Amino acid sequence: MPSQTTAASTAVTAPGATAAPDCADRAGVSQPPEHADEVTERTRAWFALHRRDLPWRDPHAGAWAVMVSEFMLQQTPVARVLPVYESWVARWPEPSALAAEEPGEAVRAWGRLGYPRRALRLHAAATSIVQRHGGQVPDDYEALRALPGVGEYTAAAIASFAFGRRAAVLDTNVRRVLARVFSGVEFPADSLTAAERALATALLPSAQRDAAAWAAASMELGALLCTAKTPDCARCPITELCAWHRLGRPPHDGPPRRGQIYAGTDRQARGRLLAVLRESRSPVGKPALDAVWHAAEQRERALAGLLADGLAVELRDGTYRLP
DNA sequence: GAGGCGTGGAA
DNA sequence: TTTCCAAGCCT
């Protein structure tokens, strides 16, 4: 997102608003903004009619399946996640099955989803679940948050989607929706602010069931209609309640976000090297790695990075393989 | 808190 | 073709 320091800070937050439980005593309790109930109710009604039938939303999918999907969906589009998700949960239907494998198997099964450290973290999380939670995905936010690879968003998402808990689920979609509806700006700030947490908490319906439905619905609204580039306001259930729409959809006015380059970067080099390891069942020699990236200095830096991250290991004979 | 970390589809 | 980016996390 482009930087926008005032994005959600202008949100309707009552005196001493906030949300995060850990600072509630300092900031007080926020009141929901005008039309909060209408926003959440209309969005939930729309969701009931238009929700995508994704496999991890199957009531029988289970918490582990939800957790796997959330890891895979971090920065990766649904369409690319689907096939990998299916084979993953079929092969490892519960945390203990994955934990019993070498971490390299997780990296291999991750395929080309990108950010392969997520595969390593999911494996580590499964191991932790076996060791500390009896093999069952924990059902409370704090325990989830303590797992490797589970940050604020993912912990709230699992708590809400898998266990129906009342949690403020603030992903990039929800943040964009809230920025537009309540702050009248096109995009939220670069990073999650206290004001956004306060707003999201104030919006949370009091009934657990409604809160969980709102979490899923607001994400879906951002993913399907209130998109970053071409929002479909004509089909949006809350256009009349949307500050950004009312203002004529003013474009983001902050400094433009620097587009991330990829070609020629260390990231691409790492990707090339790891692909060689992933696709080989046996350890590979240095020449095989040298062959896929010409620039020697960068190649060595990338390899060192993979080793440091635990995505690759060097054997005594100087060959390399997945961990 | 800014920056690093993959990938491939869509506009 | 180039640009932009898609349900973040960690240091």
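To find a chain, count down the sequence lines: A is the first, B the second, and so on, and within it residues start at 1. Values reported hereafter were calculated over all heavy atoms of this structure, with side chains retained and with hydrogens, waters and symmetry mates removed. Keep in mind it's a predicted model, so treat the numbers as computed, not measured.
Backbone-only contact: Arg278(A) has heavy atoms under 4.0 Å from sugar-phosphate atoms and none from a base. Heavy atoms of Gln268(A) sit nowhere under 4.0 angstrom from any nucleic acid atom. Residue Arg112(A) is classed as a sugar-phosphate contact, given heavy-atom separations below 4.0 Å to backbone atoms only. Leu274(A) comes within contact range of no nucleotide atom at all, as no heavy-atom separation falls under 4.0 Å. Contact annotation for Thr154(A): backbone-only contact, meaning every heavy-atom pair under 4.0 Å involves sugar-phosphate atoms and none involves a base. At the heavy-atom level, Val174(A) lies nowhere under 4.0 Å from the strands shown. Within 4.0 Å of Arg80(A), counting heavy atoms only, lies at least one base atom of the nucleic acid. Base engagement by Trp56(A) is indicated by at least one non-hydrogen atom pair under 4.0 Å involving a base atom.
When the side-chain nitrogen and oxygen atoms of Gln75(A) are compared with OP1 and OP2 of dG8(C), one or more of them lie within a distance under 4.0 Å.
For the pair Asp171(A) CG and dC5(C) P, the computed distance is 16 Å after rounding to whole Å. At whole-Å resolution of the value, CZ in Arg57(A) and P in dA7(C) are 12 Å apart. With rounding to whole Å, Arg270(A) atom CZ is found 10 Å from dT7(B) atom P. Atom CD1 in Ile158(A) sits roughly 13 Å away from atom C1' in dC9(C) (whole-Å rounding). With rounding to whole Å, Leu144(A) atom CG is found 21 Å from dA7(C) atom P. Straight-line distance from the CD atom of Glu70(A) to the P atom of dA6(C): 17 Å, rounded to whole Å. Atoms CG (Leu122(A)) and C1' (dC10(C)) sit 16 Å apart, rounded to a whole Å. Computed from coordinates, the Leu192(A) CG to dC9(C) P distance equals 10 Å when rounded to whole Å.
Atom CD of Glu279(A) has more than 12 heavy atoms from other residues, nucleotides or ligands within 6.0 Å. Atom CZ of Arg51(A) sits in a crowded spot, with more than 12 heavy atoms from other residues, nucleotides or ligands closer than 6.0 Å. Atom CZ of Arg235(A) is surrounded by 12 or fewer heavy atoms from other residues, nucleotides or ligands within 6.0 Å.
Taking atom C1' in both dG8(C) and dG1(B), the straight-line distance is 15 Å, to the nearest Å. dG6(B) sits 22 Å from dT3(C) when the P atoms are compared, rounded to a whole Å. For the P atoms, the distance from dA7(C) to dG4(B) is 22 Å, rounded to whole Å. Going from the C1' atom of dA6(C) to that of dC5(B) covers 15 Å, rounded to whole Å.
Each of dA6(C), dC5(B), dG6(B) was ranked by its minimum atom distance to the side chain of Ala228(A); first place goes to dA6(C). Proximity note for Arg121(A) (side chain, C-beta onward) versus dC5(B), dC10(C), dG6(B): the nearest is dC10(C). Candidate nucleotides dA7(C), dG6(B), dC9(C) were compared by shortest atom distance to the side chain of Tyr115(A), and dG6(B) ranks first. Taking every side-chain heavy atom of Arg267(A) into account, dG6(B) is the closest of dC4(C), dG6(B), dC10(C).
Residues Trp92(A) and Leu322(A) are members of separate hydrophobic clusters, defined by side-chain heavy-atom contacts under 4.5 angstrom among Ile, Leu, Val, Met, Phe, Trp and Tyr.
Under the 3.5 Å distance criterion, with hydrogens and angles disregarded, no donor-acceptor pair is assigned to the side chains of Tyr141(A) and Arg166(A).
Toward the 5' end of DNA chain B, the nearer of the two residues Gln74(A) and Lys229(A), judged by each one's closest nucleotide, is Gln74(A). Residue order along DNA chain C, read from the 5' end via each residue's closest nucleotide, puts Pro77(A) first among Ala155(A) and Pro77(A). Nearest-nucleotide positions on DNA chain C for Arg145(A) and Leu73(A) put Leu73(A) closer to the 5' end. For Pro116(A) and Ser191(A), each mapped to the nucleotide of DNA chain B holding its nearest heavy atom, the one lying further toward the 5' end belongs to Ser191(A).
Residue side chain Thr76(A) reaches the base of dG6(B) through a donor-acceptor N/O pair under 3.5 Å, judged by distance alone.
Taking the charged nitrogens against the carboxylate oxygens, Glu105(A) and Arg108(A) do have a contact shorter than 4.0 Å, which makes a salt bridge.
In this structure a side-chain-to-backbone donor-acceptor pair under 3.5 Å is present from Arg176(A) to Cys226(A).
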